[in-house]
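Notes for the one structure printed next.
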Amino acid sequence: MPDYESLWSELGIDLKPHAELLEALLPLYQEVYLSQKNRPRGMEYFDFVVGEIHGLRVQELNDFRRQGGKVVGTFCIYVPEELVLAAGGVYVGLCAGVEVGTAQVEAVLPRNICPLIKSFMGFKLARLCPYFESCDLLVGETTCDGKKKTFEILADYAPVHVMEVPQKKEAPDQELWLAEINKLVARLEELTGKKVTYESLREAIRQLNAKRRALRRLAELRRADPPPISGLDALLIFQIAFYDDVERFTEKVNALCDELEERVRQGVGVVPPGTPRLLVTGTPMAIPNWKLPHLAETSGAVIVAEELCTGYRYFQNLTEEEGGSLEELLVNVARRHLAPHCACFTPNGGRLEDIERLIQEYRVDGVISYVLSFCDPYAVEHYQVEKFLKAKGVPVLKVETDYSMQDAGQLKTRIEAFVEML
Ligand code: BJ8
């Protein structure tokens, strides 16, 4: 990796612990990713992106900002990417999947809080994330209580705009959400000094839909037996989707899909045909949280689908591109971004329907219900997921864990036993 130290110091990164963090990441990547057998050639680009994790893209953001561009950081798939793009900004997802800055975080947050929240706050408070430090505005949301209250604290450290995400999807909720969309447009226009126009929003929707279509194409190729790509590699691509340049990323995913289509035609896969096929459902897995798929795919199974925000929930819905006015396009954006089924909503039966559809379409043998420790919405909703799957005769394993590796041995034993009985 070229030398980015001056860029990082300019951003105020704490260089010594940052260097230690990167030094720990690369061997982990080697062990988890590069040791996989028979990976598609098209993964080279995504390996390169990880090799440059705090480098090239941060440099691009920096160049963009030098020319007057604005960068907007987000933490949830309900925040519409197309609005940031349409206002002339660049969007980066800031959810994080590694334990960092624990001492600093525990000075402001309870010890027993979701590791995803602890992680993004750790990156901010310990000044270890050049993406965070490149942001001109952070957009939070009122999804779970932990995030909602954390954004109040985060506002002491950076400009924060919070969107009120309703907890139901009925007519008054849709109205409230449309008002929130309009408020975000106003805030983004103020930030970038550019108007969201009919043309700019249409173009942004087109770009984002192209990205979602490419990810759908990738996902659908995993219906094959044997699947042409591992769950680990698919997850990595979904994680990178949150911060890479939209058009370049879309092109690389489509190029990879061309290769995967050829693999499927020739019956080439990453595992032998008949390998037990898993669906993972639950809380998102932010980069570099690869713990569960690594354990599962080294236990004789392959993950073929993810009912996660780093998965199906991110790309399943397209934004309607037709609309005669800016107002109509904004309604389309609002509708599309209220569609995913996060456990923060009640009731949330749509999630169960999605799980059932994925089980059928991807010929799933068993489901892992994945819950990050202290995530109440998904931990409690697990009851519904388990009840629903048991009634359908689908085996389900609940895995509740955090970002540490302390429970890895114990989890592996449980996952191996689960896979064996599929
Ligand atoms: S749409 S899943 S990205 S809120 S894991 S921080 S819910 S305590 S991340 Fe999420 Fe949006 Fe929903 Fe998706 Fe809270 Fe749970 Fe932690 Fe979570």
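Ligands are counted one by one from 1 in listed order, and the atoms in each one are counted from 1 as well. These numbers come from the heavy atoms of this one structure, side chains and all, not from hydrogens, waters or symmetry mates. Only a predicted model underlies this, so the values are computations on that prediction, with no experimental measurement involved.
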Quiz item: Just by distance, with hydrogens left out, do Tyr383 and Lys398 show a side-chain donor and acceptor under 3.5 Å apart?
Solution: no
Quiz item: Going by the order shown, which atoms of ligand 1 are within less than 4.0 Å of some heavy atom of Tyr78?
Solution: 1 (S)
Exercise. Classify the side-chain pair Arg212/Thr319 by whether it contains a donor and acceptor separated by less than 3.5 Å.
Key: yes
Quiz item: Non-hydrogen atoms of Pro284 versus ligand 1: any pair closer than 4.0 Å?
Solution: yes
Self-check item: Validation row: Leu329, Asn332 side chains within 4.5 angstrom (heavy atoms)
Solution: yes
Quiz item: Are Arg216 and Glu361 ion-paired here, with the side-chain N under 4.0 Å from a carboxylate O?
Solution: no
Quiz item: So, are Arg351 and Glu381 salt-bridged, with charged N and O less than 4.0 Å apart?
Solution: yes
Quiz item: Quick one: does ligand 1 sit under 4.0 Å from the side chain of Ile117, the backbone, both or neither, non-hydrogen atoms only?
Solution: side chain
Exercise. Do me a favour and list the nearest non-hydrogen protein atom to atom 15 (Fe) of ligand 1 with residue, atom name and distance?
Key: Cys375 SG, 2.3 Å
Quiz prompt | Shortest protein contact, atom 10 (Fe) of ligand 1 (heavy atom only) | solution = Lys147 NZ, 3.8 Å
Exercise. Around atom 2 (S) of ligand 1, find the nearest protein heavy atom and jot down its residue, atom name and distance.
Key: Tyr378 OH, 3.3 Å
Quiz item: Closest approach of Leu372 and Asp402, non-hydrogen atoms and distance?
Solution: CD2-CA, 4.5 Å
Quiz item: Which residue holds the protein heavy atom closest to atom 16 (Fe) of ligand 1, what is that atom called, and what is the gap in Å?
Solution: Cys114 SG, 2.3 Å
Self-check item: Protein contact of atom 12 (Fe) of ligand 1 - nearest heavy atom, named by residue and atom, plus distance
Solution: Cys342 SG, 2.3 Å
Quiz item: Which option out of Ala379, Cys144, Cys76 puts a heavy atom nearest to atom 7 (S) of ligand 1?
Solution: Cys144
Quiz prompt | Numbered atoms and elements of ligand 1 in range of Thr143, under 4.0 angstrom, heavy atoms | solution = 4 (S)
Quiz prompt | Ligand-side contact atoms (ligand 1) for residue partner Cys309, heavy atom cut-off under 4.0 Å | solution = 1 (S), 2 (S), 3 (S), 13 (Fe)
Exercise. Locate the shortest heavy-atom distance separating Pro228 from Leu221; write the atom from each residue and the value.
Key: CD-O, 3.2 Å
Practice problem: Start with the C-alpha gap between Tyr45 and Asp244, add the side-chain angles, then the distance that decides, and say whether side chain to side chain donor-acceptor pair (under 3.5 Å) holds. | Solution: CA-CA 11 Å; Tyr45 170 73; Asp244 199 4; 2.5 Å; yes
Exercise. Note the single closest protein heavy atom to atom 5 (S) of ligand 1, along with its residue, its atom name and the distance in Å.
Key: Thr283 CG2, 3.5 Å
